[in-house]
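Everything below concerns the one structure shown next.
So that the names make sense, note that chain A is the first sequence line, chain B the second, and so on, each numbered from 1. What you see below is based on every heavy atom in this structure, not just the backbone, and it leaves out hydrogens, waters and symmetry mates. Small disclaimer: the values here were computed from a predicted structure and weren't measured.
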Amino acid sequence: MIRLGLCCLFIDQPIKFRVATATHLLKFPRNERLAKLSWLCLENARTLLKAIEYCGAHHIGCFRVNSQFWPVKTHPDAGYDLAQLPDETDIQKMLLQCRERSRALDVRLSFHPDQFILLSSPKPDVVQRSILELEYQAQVSALIGADVINIHAGGGYGNKQAALKRMGRVLPHLSKDVRSRLTLENDDRIYSPADLLPFCKQYQVPLVYDVHHHRCLPDGLTVQEATDAALKTWDREPLFHISSPKQGWDGKHVAWHHDYIHKSDFPVEWQRMNITVEVEAKAKELAVRRLYHDLKFSKMVSG
DNA sequence: AGCGGTCAAGTTGAT
DNA sequence: ATCAACTTGACCGCT
């Protein structure tokens, strides 16, 4: 059976991760700031445990952790190390519990660094800050047992091949904790599966195949072909993405996510596969529940 | 309690 | 030139 994944938040459940802005935090003296951050990190660790327990009890086999799990962790002024937080020990303990429960309940954990994380940028400082952020997410990943840190290939910068080459040259500078988890996802505007597959093969970076993005940015590959090629890039359970367009496929903003996944958008090619499919839908756990129901109890039709 | 303004960051394309 | 989109609105500070 397919493992469905929930992304970052709940819409209906009282399971809420906390965040704080650097602007706000920097109004306080350092000690007070670290105390606040410590509390936020501990609170988010407790919340993650709740999220894992909920997923385990509701046929949700994967949970994506928000990039702000440790708020402003790599901010140039407000950033910090775990060792500087007064609740370090309690945070570690709680994260270990998350790791144990996610393993016991078979809830896979993943990360998806946001749009500022670019290994292909021609600007060295952009790449440097991106690496710092990846290292932070890998540190948390190691503590909680997440096995995927998924990023996009970034901008085209007028020459996609050159951009991919730049990214390839950055890979050796990543720690093992990042490198062993790093994956690449096709996007809806610049990098198609056909653009990324050669890179993924050459550098052994798994491709997170997003079929919705593929439909927004076609490349001559069928869903079946892209699926098969993506599968080959994985040395563990493959992870793919699904979403539906907000106003349908003839609407204006096809790239915008709908509240739910339309039955016909789920590829028939993916049925009965041992894969993780992260559900990108605004109705969150309700959308996962509905899709799970649709997959289990009704025959899907090809769109 | 409700609401408006704000939030670290890069790149692109629509207006 | 400005703005919204991107995996995701949440939080502060005022009324």
Side-chain angles (χ1 to χ4, degrees), chain A residues 5-11 13-28 36-37 39-40 43-44 47 51 62-80 109-134 136-137 146 148-160 163 166-167 183-191 208 210 212-213 216-217 239-247 252-259 261 276-285 287-288:
Chain A
L6 172 64
C7 301
C8 305
L9 337 149
F10 293 78
I11 190 175
Q13 290 298 307
I15 302 174
K16 300 226 176 294
F17 292 89
R18 305 295 299 262
V19 297
T21 63
T23 308
H24 173 63
L25 290 166
L26 285 168
K27 289 174 190 162
F28 300 91
K36 284 175 187 295
L37 284 163
W39 182 84
L40 285 169
E43 191 65 12
N44 280 350
T47 301
C62 179
F63 184 72
R64 181 192 299 171
V65 183
N66 194 301
S67 294
Q68 295 279 10
F69 185 65
W70 288 354
V72 304
K73 173 68 171 68
T74 63
H75 187 277
D77 302 317
Y80 54 95
L109 298 172
S110 76
F111 281 82
H112 195 356
D114 55 33
Q115 62 270 31
F116 313 108
I117 306 316
L118 300 159
L119 298 183
S120 61
S121 174
K123 302 172 192 169
D125 57 315
V126 171
V127 175
Q128 200 46 54
R129 283 198 300 274
S130 297
I131 292 175
L132 194 64
E133 178 73 14
L134 288 172
Y136 140 58
Q137 301 202 12
V148 166
I149 299 176
N150 177 42
I151 62 171
H152 288 287
Y157 309 99
N159 185 342
K160 285 192 261 185
R166 279 197 299 274
M167 178 154 57
T183 66
L184 263 188
E185 176 188 350
N186 61 298
D187 62 80
D188 60 335
R189 295 191 305 182
I190 302 166
Y191 291 95
V208 170
D210 186 315
H212 177 72
H213 288 163
C216 294
L217 181 66
L239 189 148
F240 293 169
H241 284 181
I242 186 73
S243 52
S244 280
K246 187 167 182 57
Q247 299 154 333
K252 191 176 172 188
H253 298 290
V254 155
W256 294 5
H257 289 168
H258 195 83
D259 293 347
I261 305 301
T276 299
V277 178
E278 289 187 337
V279 176
E280 297 184 327
K282 296 199 180 284
K284 297 298 163 187
E285 77 273 21
V288 178

Distance check, P atoms only: B:dG13 and C:dT7, in whole angstrom units. 16 Å
If only side-chain N and O atoms of A:H24 are considered, is one of them under 4.0 Å from the OP1 or OP2 phosphate oxygen of C:dC11? no
Are OP1 or OP2 of C:dA10 and a side-chain N or O of A:T21 less than 4.0 angstrom apart? no
Span that lies between the P atom of B:dT6 and that of C:dC3, in whole angstrom: 12 Å
Kindly point out which of B:dG10, B:dA8, C:dC11 is positioned nearest to the side chain of A:A22? B:dA8
Over all strands shown, is A:C7 touching base, sugar-phosphate only, or nothing at heavy-atom distances under 4.0 angstrom? nothing
Closest nucleotide among B:dT12, B:dA8, B:dG10 to the A:V126 side chain: B:dG10
Applying a 4.0 Å non-hydrogen cut-off, can you work out what A:G154 is touching in the nucleic acid: base, sugar-phosphate, or nothing? nothing
Does A:K27 make a side-chain N or O approach to OP1 or OP2 of C:dG13 shorter than 4.0 Å? yes
Euclidean distance, atom CG of residue A:D114 to atom P of B:dA8 [Å, nearest integer]: 12 Å
Any non-hydrogen side-chain atom of A:H241 less than 4.5 Å from a side-chain atom of A:N150? yes
Taking 4.0 Å as the cut-off, does a side-chain nitrogen or oxygen of A:H213 come that near to OP1 or OP2 on C:dT7? yes
Is any side-chain N or O of A:K123 closer than 4.0 Å to OP1 or OP2 of B:dT11? yes
Looking across every strand, which nucleic acid part, if any, lies under 4.0 Å from A:K16 by heavy atom: base, sugar-phosphate, or nothing? nothing
Within less than 4.0 Å of OP1 or OP2 of C:dC11, is there a side-chain N or O belonging to A:R18? yes
Interatomic distance at P, C:dT8 relative to B:dC3, whole Å: 25 Å
Determine, stepwise, if the pair A:L25 / A:V72 fulfils side chain to side chain contact (heavy atoms under 4.5 Å, CB included). CA-CA 9 Å; A:L25 290 166; A:V72 304; 3.7 Å; yes
Check: A:L184 main-chain N/O paired with A:Y191 side-chain donor or acceptor under 3.5 Å: no
Selected nucleotide, minimal atom distance to A:L9 side chain, candidates C:dG9, C:dT7, B:dT12: C:dG9
Value in whole Å for how far the C1' atom of B:dA9 lies from CD of A:Q68: 10 Å
Report the distance from atom CD1 of A:I117 to atom P of B:dA9, rounded to the nearest whole Å. 12 Å
Looking for any heavy atom pair under 4.0 Å, which part of the strands does A:S121 touch: base, sugar-phosphate only, or nothing? sugar-phosphate
Could you tell me the separation between the CD atom of A:Q128 and the NZ atom of A:K123, rounded to the nearest 0.5 Å? 15.5 Å
Filter on salt bridge (charged side-chain N to carboxylate O under 4.0 Å, His left out), then keep only pairs touching residues 62-77 of chain A, sequence neighbours left out; what's left? A:R64-A:E278, A:R64-A:E280, A:K73-A:D81
Which part of the nucleic acid does A:E280 contact within heavy-atom distance under 4.0 Å: base, sugar-phosphate only, or nothing? sugar-phosphate
Pairwise P distance, B:dA8 and C:dG13 [rounded to whole Å]: 13 Å
A:N44 CG - C:dA10 C1' separation (whole Å): 12 Å
For A:F116 and C:dA5, give me the distance from atom CZ to atom C1', rounded to whole Å. 11 Å
Grab the NZ-C1' distance between A:K36 and C:dC12 for me, whole Å please. 11 Å
Using both distances under 3.5 Å as the test, list the Watson-Crick or G-U wobble partner of C:dT7, or none. none
Could you give the distance separating C:dC11 and B:dG10 at their C1' atoms, to the nearest angstrom? 24 Å
NA contact type, A:P76, heavy-atom cut-off 4.0 Å: base, sugar-phosphate, or nothing? base
Residue closer to the 5' end of DNA chain C, A:R189 versus A:F17 (nearest nucleotide): A:R189
The side chain of A:E133 lies closest to which of these nucleotides: C:dT7, B:dA8, C:dA10? B:dA8
Rounded interatomic separation in angstrom, taking CG from A:D187 and P from B:dT12: 11 Å
Now, which nucleotide makes the Watson-Crick or G-U wobble pair with B:dA9, with each of the two distances under 3.5 Å? none
Given 3.5 Å as the limit, does a donor-acceptor pair link the side chain of A:N44 with the main chain of A:R18, or not? yes
Check the distance between B:dG10's C1' and A:Y191's OH and give it to me in whole angstrom. 13 Å
Separation of the P atoms in C:dA4 and B:dG5, to the nearest angstrom: 13 Å
Hey, is the main chain of A:L239 close enough, under 3.5 Å, to the side chain of A:T276 for a donor-acceptor pair? no
Per atom distances to the A:Y157 side chain, the nearest of B:dG10, C:dT7, C:dA10 is B:dG10
Which is true for A:R129 with a 4.0 Å heavy-atom rule: it touches a base, it touches only sugar-phosphate, or it touches nothing? sugar-phosphate
Look only at the side chain of A:S120 and the backbone of A:A153, and say whether a donor-acceptor pair between them is shorter than 3.5 Å. yes
Phosphate OP1/OP2 of C:dG9: any A:K282 side-chain N/O under 4.0 Å: yes
Counting just side-chain N and O atoms, does A:H152 come under 4.0 Å of either OP1 or OP2 of B:dG10? no
Taking for each residue the nucleotide of DNA chain C with the nearest heavy atom, is it A:V19 or A:R64 whose nucleotide lies nearer the 5' end? A:R64
